[in-house]
Every structure is written in C-alpha cells, then in structure tokens.
Amino acid sequence: MNRVAPRIDLFDARPLDEREAALVRDLRVVEALLFGSSLPIDAATIAKHLPKDTDILALMDTLTADYARRGVNVAKVAGGWMLRTAPDLAEMAGEAAPEVRKLSRAATEVLAIVAYHQPVTRAEIEDIRGVSTSKGTLDVLMETGWVRLRGRRRAPGRPVTYGTTSAFLIHFGLDAVHDLPGIEEMKGAGLIDPRVPSGFAIPLPSDDERLREDEEPLEPELLDLILTPEPEPEEGGEEQ
Amino acid sequence: MNRVAPRIDLFDARPLDEREAALVRDLRVVEALLFGSSLPIDAATIAKHLPKDTDILALMDTLTADYARRGVNVAKVAGGWMLRTAPDLAEMAGEAAPEVRKLSRAATEVLAIVAYHQPVTRAEIEDIRGVSTSKGTLDVLMETGWVRLRGRRRAPGRPVTYGTTSAFLIHFGLDAVHDLPGIEEMKGAGLIDPRVPSGFAIPLPSDDERLREDEEPLEPELLDLILTPEPEPEEGGEEQ
Amino acid sequence: MSEAPLPPEFAEDAPASAGEGAFVVDIDGFEGPLDLLLALARTQKIDLTRLSILALADQYLSFIEAVRKVRLELAADYLVMAAWLAYLKSRLLLPPPPKEDGPSAEEMADAFARRLRHLERIRKAAELMMSRTRMGIDVFPRRVPEKNETVPGRVVYDASLYDLLSAYATQRQRTALSYVTLKTRAVWSLAEARARLERLVGASPGDWMRLDSFLIDYMAEPEQRATALASSFSATLEMVKEGVLDIRQDAAFAPLWLRPRGTQETLL
C-alpha cells in the first residue's frame with residue numbers, strides 16, 4: 001500500500017491545460033469562500049460562485065483531500081463545508097480540543113460495505129447487513145467526510161448511491177480503494193474463516209469519480225440536502 | 001514556457017523521509033496558527049510552537065510560496081504573517097464583509113502625511129498641506145484605527161504627536177512603515193533632509209512604539225521662514 | 001526662471017465661457033493655497049523641479065485678484081499666501097539689500113518650491129497607498145469565531161483499518177452462513193407437495209399406493225425425506241378431507257397407503 005510517486009501540487013495547473021486551469025479556478029473560489037466564514041457554507045451558496053453544472057461534490061471531495069494532510073482541514077458538517085484547524089492542532093491554535101469519537105460498530109460496518117460495494121444504495125446496504133440501517137448511521141458517516149453521495153441508481157425509486165471519498169483513503173492510509181484486501185488476504189489475516197462457502201465473494205471495489213452506467217447525477221436541488229442524506233426512506237422507493 | 005515537471009504536493013511527505021516529515025509537521029503548525037487568527041502572527045510567536053533552531057524565515061517562505069497560487073495567501077504584514085484571501089477574489093470574498101469607509105481627499109492626504117512623517121504634530125501636518133486641518137479629519141482617521149496619538153513633542157506648547165498603528169500596516173498590506181510606497185524616492189529627493197525648512201530632522205518615518213528621544217524643538221529661525229505665509233493660529237491651537 | 005512669463009490672466013485654466021464666476025467655484029474646490037498653487041503650477045506644463053516661482057507667484061496673485069473682484073471674502077490662508085508671494089516676488093526682482101539677514105530670496109524661493117514638490121509627492125504617495133491591495137477591500141482576513149461562538153460539528157471520528165476490515169469480514173460471514181443454511185433447508189412446501197401428489201394420483205391407475213414409495217422415487221437425498229414426507233402427509237390429509245383421496249394405515253408406524261377416491265368399484 002506504499003505510494004509509488006508523491007502527489008502533484010493540485011494548484012500547479014499547467015497553463016495550457018484548460019481543464020486543470022478550471023479546476024484550480026474553482027478550488028480557489030471555494031477556498032476563499034470557506035476562509036471568510038466561521039460557519040459552514042452550503043452547496044447552494046458555493047454553486048452560486050461557480051460556473052453552472054460544476055460538480056460541487058467532486059470539487060469538494062478534491063479540496064477536502066488536498067487539505068486532509070494540512071494544518072487546516074475542510075470539514076463536512078451539518079449545513080455544508082467549513083475550514084477548521086486540524087484536530088491534532090486545535091488545542092495549540094487556542095481552540096477547545098475536539099471531541100474524538102470512536103466510530104460505532106454499526107457505522108463501521110456500513111462504512112465497510114460502502115467501501116467494498118460502492119456505488120451502493122441504502123437498500124443494498126441493508127440487504128448485505130441483513131438489518132435495517134438507521135438514517136443516523138449514514139448521517140454520521142457523511143459527517144466523517146469519508147462517505148459521499150455519488151448519484152442516483154437508474155432503478156425504480158432512483159435511490160441515492162453512496163461511495164467513499166479521498167478523505168477516506170487518506171484516513172485509512174490507502175492509496176486507492178482497490179488496495180482494500182481481497183478475500184485471500186482476509187483469509188490470510190484470519191479475518192475470514194477459510195471454510196467459508198465457495199460462493200462467498202468480495203467485490204473488487206472502485207471509487208471512480210465517473211458515474212457508472214446504471215448511475216445518474218444527483219439533481220442540483222439535492223445538493224442542498226447533501227448533509228441530510230436521505231430525503232426519504234429509500235427502500236420504499238426501491239420496492240416500487 | 002512549459003514547465004518541465006509539475007510541483008510536488010508539499011504536504012505529501014514520504015513517511016520515511018525524516019526531513020520531509022519534519023517540514024510537514026512544522027508547516028502544519030504554522031498553518032493552524034495563522035488560520036486561528038485574523039491578525040498577523042510574528043516570528044517570536046511562531047517560534048514558540050516549533051522546535052528550537054527552526055529557520056522561521058525559510059519555513060515562512062516555503063509556506064508563502066505554497067499558498068501563492070491558492071484562493072488564500074500568506075501575507076507578510078505588520079511585522080508578522082497572516083492568511084488573507086487572494087486579491088483577485090475580492091468581489092466574492094468581500095460579499096459578507098462590512099464596507100470600508102471611503103476617506104475624503106483631505107483625510108487621505110493627512111493620513112499619508114502622518115504615515116510618512118510620523119511622529120508628526122498637527123501643526124506639521126498643516127504646514128505641509130498649507131492649510132488648517134479640521135479636527136474632524138484627524139478624528140475620522142483616529143476612528144479608522146489607523147492613526148493614534150503617540151505622545152507629545154518636546155517643543156513649545158508640547159503638541160501631541162500622531163503616528164500610524166499596526167492596523168494601518170495590515171490595511172495597506174505593509175510589513176513596516178519603511179515599506180511605504182515611494183519612500184525611497186522621497187529620501188532620494190532630499191525632502192526629508194534636515195536642511196529642508198520643513199523642520200523634520202528625522203530621515204525616516206517610524207511607528208516604533210517607543211517615543212523618540214530626538215524629538216527636538218524646531219529651530220525658531222526656520223519656523224519664522226516657514227510660518228510667514230501660514231495661517232497664524234496653529235501653534236496656539238496645539239497649545240490648548 | 002528662463003521661462004517666458006505667462007500671461008497674468010488665466011484664460012487657459014478657466015474656460016473663457018465660464019466667466020469670472022468660475023473662479024469662485026474653482027477656489028471652493030481647492031484645499032487651501034498650496035493646493036491652488038499646485039494646480040496653477042500644472043498650467044506651466046513643466047516639471048515641478050523646473051518650476052518658475054516668479055511666474056507662479058504672478059499666476060497666483062492674478063488669480064486671487066480675479067477672485068476678489070467677484071467675492072470680497074476670501075479665506076485668510078489665501079490672502080496670507082498672496083502677501084507672502086508678493087513679498088517673495090519683490091525680493092526676487094529687486095537687487096539684494098547690502099546687508100542681508102537670513103536666507104536670500106533665491107533660497108526662499110527654493111525652499112518654497114521644495115515645499116510644493118513635497119506636497120505633490122505626498123499626494124502621489126497617498127494615491128499609491130490607496131491603490132495598494134487593501135485589507136477589507138481587496139483582501140479579507142479570516143473571520144475567527146468568537147470565544148463563545150460554538151463551532152458546529154467539532155467532533156472527530158476515529159476508526160482503524162483493522163476495525164473496518166474486521167467489521168466487514170464479520171458481517172459478511174454472518175450473512176453468508178445464514179444464506180447457506182437457507183439453501184440446505186430447502187423444504188417441500190405444502191403447496192408443492194400437493195401439486196406433486198395431485199399429478200401422481202391423477203396418473204395412477206387407482207390402486208392403493210405407498211406414500212413413501214412415491215417420495216423415494218423423487219427424493220434421492222436422505223436429508224430431504226423428512227420434509228418431503230411431512231409436507232406430503234399434510235397434503236394427503238387435506239386431500240382426504242376434500243374427498244379426493246382415500247388413506248389407509250394397517251398398523252401404527254406401518255406404511256401409509258393412498259388411492260384416488262374416483263375409483264369407486266371397491267365401495268360398490
């Protein structure tokens with residue numbers, strides 16, 4: 001899982017690369033916006049300052065990942081995103097030390113499923129776990145910044161799909177999600193019983209930014225709801 | 001014009017490279033410090049939070065360069081460093097900021113005189129402008145927080161001396177008063193030459209907190225010459 | 001001083017059409033005599049360092065004269081300056097007095113020119129200052145939350161990769177095992193059993209048949225015999241109750257016999 005090459009400075013756009021230049025331009029705007037506020041800025045406000053059809057979620061994921069190693073981080077909190085001192089430096093910077101909370105077992109399980117099975121809907125998560133997942137669990141995962149809304153599944157009810165973020169990779173020290181151990185490695189590590197039925201498989205995960213064929217983009221209005229992830233219980237939608 | 005290789009993300013330290021890891025650690029601390037304040041932080045304060053013998057200036061140069069392309073920049077002002085939004089993003093970043101009062105032409109001129117001639121008395125200001133300065137103008141400048149009373153001149157009537165504040169330096173993005181624009185030119189023009197009958201024996205402006213020892217009484221002969229065309233009542237005003 | 005003296009009138013400075021009244025307006029726009037002098041000096045259209053003080057003094061005095069024609073009251077500052085310039089002019093034009101005290105007329109003119117230049121420089125400096133990148137106008141500081149301001153979401157979550165993997169492995173195995181059990185527990189439902197019985201009985205010639213012999217033909221796997229037998233027996237009872245089948249057992253634990261009721265000849 002060691003990195004082969006160091007990451008490139010995100011802001012070092014090649015002057016002739018239009019796509020890179022546009023990304024840098026958008027990132028700079030968001031940086032300045034977040035910097036000037038001590039409160040979270042929501043997606044709608046961010047969208048107002050960017051070209052139409054900007055993929056706010058992807059942009060914020062990029063910025064979050066870029067700041068993840070810094071002394072200041074982008075945090076996804078109720079209502080939007082904000083810059084704040086890295087948790088380990090908060091005290092030094094004169095802030096009250098942040099509360100460190102161990103991720104609950106349920107949340108860890110859901111996170112693992114999102115990681116391996118992404119893009120995954122809430123109904124699919126429940127299917128794999130065999131228990132219903134409380135909305136609170138997904139809210140917490142969104143708050144960690146490790147899970148994001150990807151889009152919608154092209155299926156009855158158009159349920160929202162979840163995936164992991166770059167912050168997830170950074171937190172867990174992964175270079176890419178496909179570095180998550182597969183079934184043989186899990187067996188080797190004693191995490192999975194070697195006598196597990198032959199039909200038992202673990203997917204090879206991918207967190208590709210591009211939507212899959214069976215996914216479609218979120219409606220822009222939904223961006224506002226990003227932090228209250230599910231507009232309604234989606235299994236209901238699934239059954240229709 | 002094309003770059004050979006893009007810059008490496010500064011914060012992507014190779015885990016085994018001790019020197020890189022130390023740099024990242026120090027940069028993170030400084031970032032958090034600057035981020036936690038809306039005012040500049042000086043080298044002494046920064047040094048307190050870093051290992052002994054850290055080359056603060058080199059570190060700050062590195063951080064400044066890293067932020068130069070971003071939507072938030074590191075600025076060297078008022079003897080310290082602070083984070084502030086990039087100038088090209090003013091329109092967007094200033095949306096929520098309170099409007100800065102526009103100064104009248106007279107107030108702008110008086111402010112410049114205070115800046116370039118500090119410590120300066122009201123009489124000296126009037127002398128330079130050749131017109132009596134309304135008390136309101138100085139009051140407005142005091143209100144902005146850019147001008148302060150320094151003390152009294154060791155001179156007949158012991159007039160009050162004015163000087164600029166660190167808020168002045170921050171507002172105009174100056175590291176120190178000797179960075180004032182055009183100051184070299186003024187020095188070169190000999191306009192602050194003691195032989196010049198404006199009576200300013202001090203070659204350079206200073207906003208040093210400590211009062212100057214060399215605030216001498218003006219030479220009476222020079223005073224006569226200068227004041228001939230001047231509205232008479234000014235010393236009287238100062239004396240009250 | 002080598003400049004040709006400018007006309008005493010200010011035709012070029014104040015548009016002729018504006019008339020003398022324009023001077024009144026103009027003087028109200030000046031911030032004192034030095035300001036006015038600088039404006040006049042600009043009409044000499046030369047570098048301030050080569051300024052002709054004599055010409056400037058003339059310009060100033062003419063201007064003040066013009067203003068006084070339409071306006072008796074003029075700020076004292078302007079008049080004091082006029083008096084001083086008139087004095088300076090006379091000193092510059094007359095031969096120096098034999099015993100001169102203090103500075104010469106040239107020195108005075110020089111000092112005066114320097115003063116003007118300095119004010120001009122201060123103004124340029126003020127302009128430069130105002131056009132700098134200014135805090136609160138061009139750039140903005142971080143807005144640091146107040147001490148009592150609560151920062152939302154100040155919670156940090158922690159989990160290790162091991163937590164993640166073991167949570168995944170545990171739950172996947174848990175559900176995987178229950179899935180496997182489900183498969184081995186493949187049972188004959190009542191409906192299934194009845195459907196098969198109906199097909200069998202319908203195809204039979206009407207003789208008594210052993211229930212378990214039917215089943216063995218179909219169910220090779222021994223572990224499924226129990227469920228097959230149980231469901232078929234229940235289905236048989238149901239069909240007997242409906243009058244479709246007859247059922248018979250000769251002794252306890254003896255084989256069960258059954259036949260379609262449609263074969264009436266035994267009863268008749």
Side-chain angles (χ1 to χ4, degrees), chain B residues 34-39 72-73 75 77 82-87 89-90 93-94 96-100 103 105-106 108-109 111-113 115-117 127-132 167 170-174 180-183 185-186 189-192 196-198 221 224-226 228-232, chain C residues 29-38 48-49 57 60 75-88 101-103 107-108 110-146:
Chain B
L34 299 192
F35 180 73
S37 170
S38 52
L39 295 173
V72 174
N73 303 150
V77 289
M82 71 183 290
L83 289 173
R84 60 184 202 191
T85 55
L89 300 171
E99 209 169 312
V100 172
L103 289 184
R105 209 185 110 190
T108 308
E109 216 170 280
L111 176 62
I113 294 172
Y116 286 83
H117 289 276
D127 180 23
I128 292 166
R129 296 188 68 224
V131 71
S132 54
I170 293 170
H171 180 85
F172 290 100
L174 297 162
L180 280 164
I183 198 133
E185 193 203 344
M186 281 204 205
L191 281 162
I192 313 176
V196 170
S198 50
E221 316 89 75
D224 282 349
L225 180 69
I226 287 163
T228 324
E230 290 306 305
E232 230 11 79
Chain C
F30 290 114
E31 299 241 359
L34 289 186
D35 192 25
L36 171 57
L37 278 162
L38 281 173
L48 265 190
T49 53
Y60 184 85
D77 290 350
Y78 291 95
L79 300 176
V80 171
M81 179 60 80
W84 189 81
L85 284 175
Y87 164 72
L88 179 63
D101 275 343
E107 284 168 335
M108 286 167 67
D110 228 35
F112 183 71
R114 271 204 297 258
R115 228 183 122 190
L116 278 179
R117 285 200 297 272
H118 185 57
L119 181 59
E120 186 69 2
R121 233 174 274 258
I122 282 284
R123 288 184 168 177
K124 283 209 183 106
E127 254 171 58
L128 285 175
M129 261 170 60
M130 291 299 155
S131 60
R132 283 183 68 83
T133 296
R134 290 166 66 190
M135 185 65 76
I137 295 173
D138 306 304
V139 292
F140 298 88
R142 160 116 178 100
R143 205 181 85 67
V144 175
E146 305 286 330

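Note that this is a predicted model, so its numbers are computed, not measured. Throughout, protein chains are lettered first and strands after them, A, B, ... in sequence-line order, and every chain is numbered starting at 1.
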Give the member of B/Ser37, B/Pro87, B/Ala75, B/Ala167 that has the highest number of heavy-atom pairs under 4.5 Å with chain C. B/Pro87
Can you tell me how far [atom2] of [Y] sits from [atom1] of [X], rounded to the nearest 0.5 angstrom?
X	Y	atom1	atom2	answer
C/Arg142	B/Leu39	CZ	CG	13.0 Å
B/Leu174	C/Met129	CG	CE	7.5 Å
C/Leu119	B/Ile113	CG	CD1	6.5 Å
C/Thr133	B/Arg84	OG1	CZ	6.0 Å

So does [Y] get a backbone contact from the side chain of [X], meaning a donor-acceptor N/O pair under 3.5 Å?
X	Y	answer
C/Arg132	B/Gly173	yes
C/Arg115	B/Asp127	yes
B/His171	C/Met135	yes

For [X] versus [Y], what's the shortest heavy-atom pair and its separation?
X	Y	value
C/Phe140	B/Ala90	CE1-O, 3.5 Å
B/Ser38	C/Pro141	O-CB, 3.9 Å
B/Ala86	C/Val139	C-CG1, 4.3 Å

Can you list the residues that meet the ring-ring contact (aromatic ring centres under 6.0 Å, His included) rule with B/Phe172, with sequence neighbours excluded? B/Trp146, B/Phe168
Chain B heavy atoms under 4.5 Å from C/Ala125: which part of the residue, side chain, backbone, both or neither?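 C/Ala125 touches chain B through backbone and side-chain heavy atoms alike.
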Does any heavy atom of chain B fall under 4.5 Å from the side chain of C/Arg134, the backbone, both, or neither of them? both
With sequence neighbours left out, the residues meeting salt bridge (charged side-chain N to carboxylate O under 4.0 Å, His left out) with B/Arg129 are B/Glu109, C/Glu31
Are the side chains of B/Tyr116 and C/His118 in contact, using a 4.5 Å heavy-atom criterion? no
When only pairs under 4.5 Å are counted, which of C/Asp35, C/Leu85, C/Asp138 shares the most heavy-atom pairs with chain B?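 When all of C/Asp35, C/Leu85, C/Asp138 are compared, C/Asp138 has the most.
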Considering only heavy atoms, which portion of B/Leu180 lies under 4.5 Å from any heavy atom of chain C: side chain, backbone, both, or neither?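 The side chain, not the backbone.
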